[in-house]
Amino acid sequence: MVKKTECLAMLLAGGQGSRLGILTKNIAKPAVPYGGKYRIIDFPLSNCINSGIETVGVLTQYQPLELNDYIGNGSPWDLDRSYGGVHILSPYQQIKGTEWYKGTANAIYQNIHFIDRYNPEYVAVLSGDHIYKMDYNKMLEYHKAKDAACTIAMLEVPWEEASRFGLMFVNDDGSISEFEEKPKNPKSNKASMGVYIFTWSKLRQYLIDDENNPDSGNDFGHDVIPAMHENGERMFAYKFEGYWKDVGTIDSLWEANLDLLNPKVDLDLSDDSWKIYSRNPIAPPHFISDKAKVENSMIGEGCCIDGGVDYSILFSNVTIEEGAKVRYSIIMPGTTIKSGAIVEYAIVAENAVIEEGAHIGESPEEIDNLEAWGVTVIGEKVTIGKNAKVKAKEMIDTDVKEDK
Amino acid sequence: MATPNVLGIIYSNVYDDCLSELTSVRTMGSVPFAGRYRLIDFVLSNMVNGGIAKVGISTKANYQSLMDHIGSGKAWDLSRKRDGMTILPPFNLTGSGGVYKSRLEALSGMLHYISESGKDYVLLSDCNVVCNLDYDKIIDEHIKGGADITIAYKRGVAPKLADMMSFELDGDKITKVIVGETGDTAVNYSLNIMVLSRVLLERLIHDAMGQGDESFERDVISKNVDALNIKGYKVEGYARTIDSLQSYYDISMGLLTGEYKNLFAKDLPVYTKVRDDMPAIYGVCSKASNSLVADGCIIKGTVENSILFRGVYVAEGAVVKNSIVMQDSYISQNAKVNCAILDKQVVIKPGRELSGADSYPIYIGKNITV
């Protein structure tokens, strides 16, 4: 008899990630490149397979092409299975009409039939936006032990950042007594990580009720969870310890990438016991010439380095010509930085060309007004002409001409 | 234009003896090369890129690591319902244990596989030639030129292998075949990549078996040079034959002087088994120069003029020069390695110094701690 699916995962990957600006112009946020060879979605997908969750629904909506292509049949994450495996779930036409996903809860509501096909006892709902390693199976064991209807993964955040999160008040036994959504003066620093485990029979009913409520915003955090809480359902917080980063803004994406070079940061991607799988580029090992100077950096496959690279992350097939200098930057796949160009404190997206002598970004030490400083972003396939200058915080998504 | 119907055959165990150190625990096809590949990857990729979708890999001995590397052939897109890849272990013909002595015996063991393939042509290749060739050009040339057999060759000093073929040609027709070593003069030597029709191959194998022949080179090719129309296909681009540990070292080091751009062309990718390693990380005081470094490496020391395979760790103060360090090896603090070939999972203890010469590199076997 085929083993019954105990828990399946629904991965919310439909968001635009509008704060990532031009980086998400053509791709959804979970498809954004990270860490020299990964994409953000590799983390929840790898966590699933490593936790023993073999059936994953990926809910897409915004610009899903790149994400769909990347996920394919799921084989890089061992999710290409005869029974279960990864499924891309986008909104589809039904008898009653077509509807985009109105909110996170509505997205799951529209896919009740998908979940019912596997008839699991538990459903994990994950956001596709965060960098973290977590054993969902341990969280499931906790959920079962507490006989919970809903378990929310919780992280204690620094007090000065607490106001950015959905917060919870947790009793000693782990049960949640109250919620506080992004308050100005937080009274708790226990933040919701956007990772939930539900007992399916309970969630199913709440989703139907929520959909039938015309006043609802159809959002998990705002509508479904408070409804469950008000009804006296057993809600518990599962404490998570470890690295967890929301990469929803340019600055946090840049920081999260450079965190990989910081030995004090607790995110070890070389850990074989919890591998982060991804679609690997087909490229030879990278080549560092005798004219290159590489320090404190991460270099991807297929790169050709003739210039200087310091405290930076280079993805696959990046070319750094002789005399070029890259520091404190993230360079995404296929980009070429030509001779004499300087790229600092920047994110350069895929397949861009930075011509000779161009200067991208500025160091915060060199800028007069620190308020005006920020990471510079060059969009995909953009060419920055010879000797052109792009200042701090600028976002360029069209070609910039040569500066004579 | 309809794609020609070609079966690929790879000899994974040919010339194993010439690289005895590296092939003591593996086939020639599984010999690690260029930082993240095995020699068979180049042949398989050439075949797949050339439109060949059915490939038989002949194996003789020590083929466990080859089978582990190849798996179902997925990495080369050869895990298919239609066609795909098959590993052909020795077929017990003589009842004596079934390990082949020669290329001819291997072919006769594969006869059934070849006949049942349903393909019109067969492309045969060894594993010890490193090249990135457009196989469909050789196949096209064979069909257009109307040859019975087309053999790829290169001009230069021939590899020092016992049954190496070299040719005299009239235009592109091979008029004479010399089997054996040819010293240090420049000759037209065979790259052992050949195309012929399946029906002809079957006939030649049957004839050879019937006559009790033993050498493919002498009895099938050389003897038939007049009876058959055998043509040569000249290869001008990068192609290097490995015939000894020294040549393995030299050809590897050659990649660092610009030749790697010839081997790794963007439009002809080389596929290999994926390992899901993290990209390489260079530490604060690391110094790397003129080196090929694979993913998963962590470099905190100095690496010069070397090839580091996946997952190699070079600790602070360690110096690796002019060396080839294979998968997952560990070079401890202040160790010094020069002109060496380190097999997989070698550990060099702190402060140890190991030095060969570029004309005689030291080889350290798999899993050894120094």
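None of these values were measured; they are calculated from a predicted model. In what follows, chains carry the letters A, B, and so on, assigned in the order in which the sequence lines appear, proteins first and then strands, with residues in each chain numbered from 1.
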Identify which part of B:K300 has an atom lying under 4.5 Å from any heavy atom of chain A, answering side chain, backbone, both or neither. neither
Within this structure, what is the OG-CG distance for the pair A:S270 and B:D277, rounded to the nearest 0.5 Å? 9.0 Å
Measuring from atom CH2 of A:W77 to atom CG of B:D276, what distance do you get when rounded to the nearest 0.5 angstrom? 10.0 Å
Proximity breakdown for B:I299 and chain A, heavy-atom pairs closer than 4.5 Å: neither
Output for pair (A:D290 CG, B:S291 OG), nearest 0.5 Å, gives 9.5 Å
When the 4.5 angstrom heavy-atom criterion is applied to B:Y37 and chain A, the contacting part is side chain
Examine whether an atom of B:A288 lies under 4.5 Å from a heavy atom of chain A, and if so say whether it belongs to the side chain, the backbone or both; otherwise answer neither. both
Would you say the side chain of A:P285 lies within less than 4.5 Å of the side chain of B:V293, judging by non-hydrogen atoms? no
Side chain to side chain contact (heavy atoms under 4.5 Å, CB included), paired with B:M278, selected from A:D271, A:L260, A:L269: A:L269
Over all atoms of both residues, closest heavy-atom pair of A:P281 and B:R36: O-NH2, 4.4 Å
Based on non-hydrogen pairs under 4.5 Å, which of A:P76, A:P263, A:P284 is most in contact with chain B? A:P284
Write down the atom of B:V274, the atom of A:N280, and the distance for their closest heavy-atom approach. CG1-ND2, 3.3 Å
Within residues 294-316 of chain A, the residues sitting under 4.5 Å from chain B by heavy atom, in sequence order, are A:V294, A:E295, A:N296, A:S297, A:M298, A:I299, A:G300, A:E301, A:C303, A:C304
Any side-chain heavy-atom pair from B:K74 and A:S75 closer than 4.5 angstrom? yes
Measure distances from B:D295 to the heavy atoms of chain A and classify the residue's part below 4.5 Å as side chain, backbone, both or neither. both
Measure the shortest side-chain to side-chain distance between B:N290 and A:F287 over non-hydrogen atoms and say whether it is less than 4.5 angstrom. yes
Select, from B:V284, B:I307, B:T272, B:N305, the one with the greatest count of heavy-atom pairs under 4.5 Å involving chain A. B:V284
Say you draw a straight line from NZ of A:K293 to OH of B:Y282; how long is it, rounded to the nearest 0.5 Å? 14.0 Å
Count the heavy atoms of every other residue, nucleotide or ligand shown that sit under 6.0 Å from CD of B:E316, and state whether that count exceeds 12. yes
Hey, which of A:A283, A:G35, A:S278 has the most heavy atom pairs under 4.5 Å with chain B? A:A283
Given heavy-atom pairs under 4.5 angstrom as the criterion, report whether the side chain, backbone, both or neither of A:K275 touches chain B. side chain
Crowded around A:K245 NZ? As in, over 12 foreign heavy atoms under 6.0 Å? yes
